Amino acid sequence: MNRRRTRTRTRTRTRTASVLLLAALVALTGCSASGPSPATPPARIAEATAPATPPAPTKSAAPVRPLARSLPVRVQLPAAGVDARPVLGLGLNADGTVEVPSVADADRIGWYGKGVTPGETGPAVLIGHFDTARGPAVLKDVAKVRVGDEITVTRADGTAAVFRVRELEQVDKDAFPTEKVYGDTRRPELRVITCGGELVDGHRPDNIILYADLVAARPA
């Protein structure tokens, strides 16, 4: 995956409890499959932003109260066969690009530590590889995820924040929706970012982004 230069700007603690990236982002590097046994490219998922058969209308659930700050320690996304722990802490490289898990940590999920923790008000961001030169990685089955699937993030304080996927998006890295991903929100939300698309010169040209909302908080 290619890297793109980012900038940060300070947001108030009461709104996002974080410093958010508000410049264009190519979220991941190493999304290449130049080594043995490359993973099968994920199918395009733009059409999967809504269920094939809309569910019957139900009474809207009451909003879930935001959680206090607590670091993520485990990420479960059953639809994609993900149960990753411990969670890596990611920041910024010296050149201003966003850190990503190393090739050696391709089976792990990273959390962007300059943002909110999962369950706090704002967009918590998780990053993982689809594949690397060594082969398939932690999010190799991201194409199996559908709207309505759940993502559970266990936190260091012993709580589990449960998120429900409401949208999936596949975009060219040159058109990464930075504000949509990293911009302020009024409720606790989650983003999961990886790579996608057919290989071009050993790299995948797209990002796949899962958008999810907090729907429950319970003891882990």
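Just so you know, these numbers use all the heavy atoms, side chains as well, and skip hydrogens, waters and symmetry mates. Since we're looking at a predicted model, the values are computed, not measured.
Using a cutoff of 4.0 Å between basic side-chain nitrogens and carboxylate oxygens, R204 and D131 are scored as salt-bridged.
At a threshold of 4.5 Å between non-hydrogen side-chain atoms, the residues P177 and I209 count as touching. Counting only heavy atoms from C-beta outward, the side chains of I151 and V165 approach each other to under 4.5 Å. Contact annotation: the side chain of K173 never approaches that of H203 to less than 4.5 Å [non-hydrogen atoms, C-beta and beyond]. Side-chain contact check for D149 versus P78: every heavy-atom pair is 4.5 Å or farther apart. Under the 4.5 Å side-chain criterion, counting only non-hydrogen atoms from C-beta, I109 is in contact with L139.
The two residues T185 and P123 make their nearest non-hydrogen contact at OG1-N, 3.8 Å. Here the closest non-hydrogen pair linking V171 and F176 is CG2-CA, 4.4 Å. Shown here for D107 and A84, the closest heavy-atom pair between the two residues is O-CB, 4.2 Å. Scanning both residues, A216 and V64, for their nearest heavy atoms gives N-CG2, 3.7 Å. Pairing each heavy atom of A156 with each of S70, the nearest pair is N-OG, 3.3 Å. Closest approach of V87 and R74 over heavy atoms only: CG2-N, 3.4 Å.
In this structure, CD1 on I208 lies 8.5 Å from SG on C195, to the nearest 0.5 angstrom. In this structure, the separation between CD on E150 and CZ on F163 is 11.0 Å, given to the nearest 0.5 Å. Taken from NZ in K144 to CG in L77, the straight-line distance is 11.5 Å, to the nearest 0.5 Å. Taken to the nearest 0.5 Å, the CD atom of E169 stands 10.5 Å off from the CD1 atom of I193. Taking CG from D172 and CG from D206, the interatomic distance works out to 5.5 Å, rounded to the nearest 0.5 Å. Rounded to the nearest 0.5 Å, atoms CD (E189) and CG (D184) are 10.5 Å apart.
Hydrophobic clustering, with ILVMFWY side chains joined whenever heavy atoms are under 4.5 angstrom apart, keeps L67 apart from V215. Hydrophobic clustering (side-chain heavy atoms under 4.5 Å, transitive across Ile, Leu, Val, Met, Phe, Trp, Tyr) keeps V73 apart from L90.
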Could you check Q76 against T154 for side-chain contact (heavy atoms from CB on, under 4.5 Å), going step by step and ending with a plain yes or no? CA-CA 8 Å; Q76 295 168 281; T154 303; 4.2 Å; yes
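Residue R164 places its CZ atom among 12 or fewer non-hydrogen atoms of other residues, nucleotides or ligands, all under 6.0 Å distant.
Considering V145, V138, V192 in turn, V138 is the only one that fulfils the side chain to side chain contact (heavy atoms under 4.5 Å, CB included) rule with V82.
Between Y112 and Y182, the ring planes lie perpendicular to each other; the angle is over 60°, past the 30° to 60° tilted range.
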